[in-house]
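This one's a predicted model, so the numbers in the text were calculated from it and none came from an experiment. Every number for a ligand or one of its atoms is a count from 1 in the order of the listing.
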Amino acid sequence: MPVTSREIHLAARPAGEPKASDFRMVEATVPDPGPGQVLVKNAWMSVDPYMRGRMNDVKSYVPPFQLDAPLDGAAVGTVVASEADGVPAGATVLHGLGWREYALLDARHAQVVDATKVDTQAYLGALGMTGLTAYVGLTRIAPVAAGETVFISGAAGAVGTVAARVARHLGAARVVGSAGGPEKVRRLTAEFGYDAGIDYREGHLERRLAQAAPDGVDVYFDNVGGDHLRAALALLNPFGRVAMCGAISQYNATAPVPGPDNLALAVAKRLTLRGFIVTDHQDLAAEYARLAADWVRDGSLRTEETVVDGIDHAVDAFLGVLRGANTGKMLVRL
Ligand code: NDP
């Protein structure tokens, strides 16, 4: 039986900060699966800041979203009809066709996951790409050595909360995070494993970072760019490393953003600044999955989430993640 599925389309390319009218809810009829295909009823979908970049019509590492076509992104759900060997009806799968209630896809693009030991939405967060991003950044891109000081921006977010735990496991002596607002900053040290937290909205970032990291910074995990990268450059120790993961402070920029005015410090301090995209580092996925499973079991990796209910509120969730409405992973429960 073909099913009716609501899905979110891009109605207009946002100029600056996206608004609700840039999106449209559309009702679509999803056909029965053909040979090799599965029909998935989505249960959870990931909401990611990087989607903002895909709303611009520019060439990047991933193609832009098309106007009047559904958005996509990671999702988990249950196979409700299958014409594929190895992915039977009833299986829980991770795949890339979120932003809709039902997804029809080739079974080779669906990964069967174990839904018996962890909450399935964890595969979108700490146990999935989010967690792997933190792990790749702190092991391969800007490796942390025992005894070092690590600074993480976006510290209370999805990647940031995992990054603090990863830094701890790598033996960091001091982990400093920055986040927006007193409640998030309180939770950095009370719950997320940080030694010190900075509220960047209070300003004077460089001075606050100097206080929080009295021995300087050895590794900076950059989720934010802009003023945060500038402050980190000022505080980085000789031979310091920067994992350039994201630059959320400039995702809504409408004009080119100048680089930090102290970039030349990279020469004198012999710094390494390296950008990365997690999908280029799938070779670390199995290693991370094993470690993360152990850490979840021993309680040293918690899966912090902000849950928004219903596809009707999915756009609000996206607008919210850009403004800091989330702590930990922003998810929509469909
Ligand atoms: P988060 O859960 O961290 O959500 C985004 C957070 O960014 C918000 O909660 C908000 O927190 C913060 N923020 C928004 N605007 C600003 C600003 N102007 N200055 C400082 N902070 C701001 O998202 P993710 O963990 O999913 O992603 C974190 C970063 O990592 C993003 O930049 C993302 O694009 C990037 N990323 C990169 C990947 C890669 O492969 N390179 C893979 C996955 C993510 P607050 O309330 O503290 O301001």
Taking only heavy atoms of [X] into account, list the atoms of ligand 1 that are under 4.0 Å away from them.
X	result
Ala179	47 (O)
Phe276	39 (C), 40 (O), 41 (N)
Tyr200	16 (C), 17 (C), 19 (N), 20 (C), 21 (N), 22 (C), 45 (P), 47 (O), 48 (O)
Gly324	8 (C), 9 (O), 10 (C), 11 (O), 46 (O)
Tyr251	31 (C), 32 (O), 33 (C), 34 (O)
Gly328	2 (O)
Arg201	46 (O)

Taking side chain as C-beta onward, heavy atoms only, is [X] less than 4.5 Å from [Y]?
X	Y	result
Leu205	His228	yes
Glu17	Tyr251	no
Val150	Asp218	no
Glu7	Trp99	no
Gln111	His95	no
Asn56	Arg52	yes

Please give me the minimum heavy-atom distance between Asp222 and Ser153, naming the atom from each residue.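 It is OD1-OG, 3.4 Å.
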
Could you report the tightest heavy-atom contact between Leu94 and Leu124, atom names first, then the distance?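 So the two residues come closest at CD1-CD2, 3.6 Å.
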
So, does [X] use its side chain to make a donor-acceptor pair with the main chain of [Y] at under 3.5 Å?
X	Y	value
Thr254	Gly16	no
Asp227	Pro260	no
Asp72	Gly98	no
Arg54	Pro63	yes

List the steps and the verdict of side chain to side chain contact (heavy atoms under 4.5 Å, CB included) for Phe276 and Thr133. CA-CA 9 Å; Phe276 73 104; Thr133 302; 4.0 Å; yes

Any nitrogen or oxygen of [X] lying under 3.5 Å from a nitrogen or oxygen in ligand 1? Just yes or no.
X	value
Ser249	no
Ala325	no
Asn326	yes
Gly160	no
Ile277	no
Gly246	no

If you take the nearest heavy atom of each of Thr161, Val321, Val136, which one is closest to atom 5 (C) of ligand 1?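 Comparing heavy atoms across Thr161, Val321, Val136, the nearest one to atom 5 (C) of ligand 1 lies in Val321.
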
For ligand 1, which part of [X] has a heavy atom less than 4.0 Å away: the side chain, the backbone, both, or neither?
X	answer
Ala247	backbone
Val224	side chain
Lys184	side chain

Is ligand 1 less than 4.0 angstrom away from at least one heavy atom of Gly225?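 Contact absent.
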
Is the shortest distance from a heavy atom of Ser153 to ligand 1 less than 4.0 Å?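 Ser153: no contact with ligand 1 (<4.0 Å).
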
In terms of residue, atom name and distance, what is the protein heavy atom nearest to [atom]?
atom	answer
atom 27 (O) of ligand 1	Pro49 CG, 3.9 Å
atom 37 (C) of ligand 1	Cys245 O, 3.1 Å
atom 40 (O) of ligand 1	Val278 N, 2.7 Å
atom 25 (O) of ligand 1	Val159 N, 2.7 Å
atom 14 (C) of ligand 1	Leu322 O, 3.3 Å
atom 30 (O) of ligand 1	Asn223 OD1, 3.2 Å
atom 43 (C) of ligand 1	Thr133 OG1, 3.8 Å
atom 7 (O) of ligand 1	Ile248 CD1, 3.4 Å

Kindly list each side-chain donor-acceptor pair under 3.5 angstrom involving residues 78-93, sequence neighbours excluded, with atom names and distances?
| unit_1 | atom_1 | unit_2 | atom_2 | d |
| --- | --- | --- | --- | --- |
| Ser82 | OG | Ala84 | N | 3.1 |
| Ser82 | OG | Ala84 | O | 3.2 |
| Ser82 | OG | Val87 | O | 2.7 |

Which residues satisfy the side-chain hydrogen bond (donor to acceptor under 3.5 Å, both in side chains) test with Arg108, sequence neighbours excluded?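 Residues passing side-chain hydrogen bond (donor to acceptor under 3.5 Å, both in side chains) with Arg108: Asp106.
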
Decide side chain to side chain contact (heavy atoms under 4.5 Å, CB included) for Asp283 and Arg140; before the verdict, give the C-alpha distance in whole Å, the side-chain angles of both, and the deciding distance to 0.1 Å. CA-CA 11 Å; Asp283 58 305; Arg140 177 170 285 169; 2.6 Å; yes

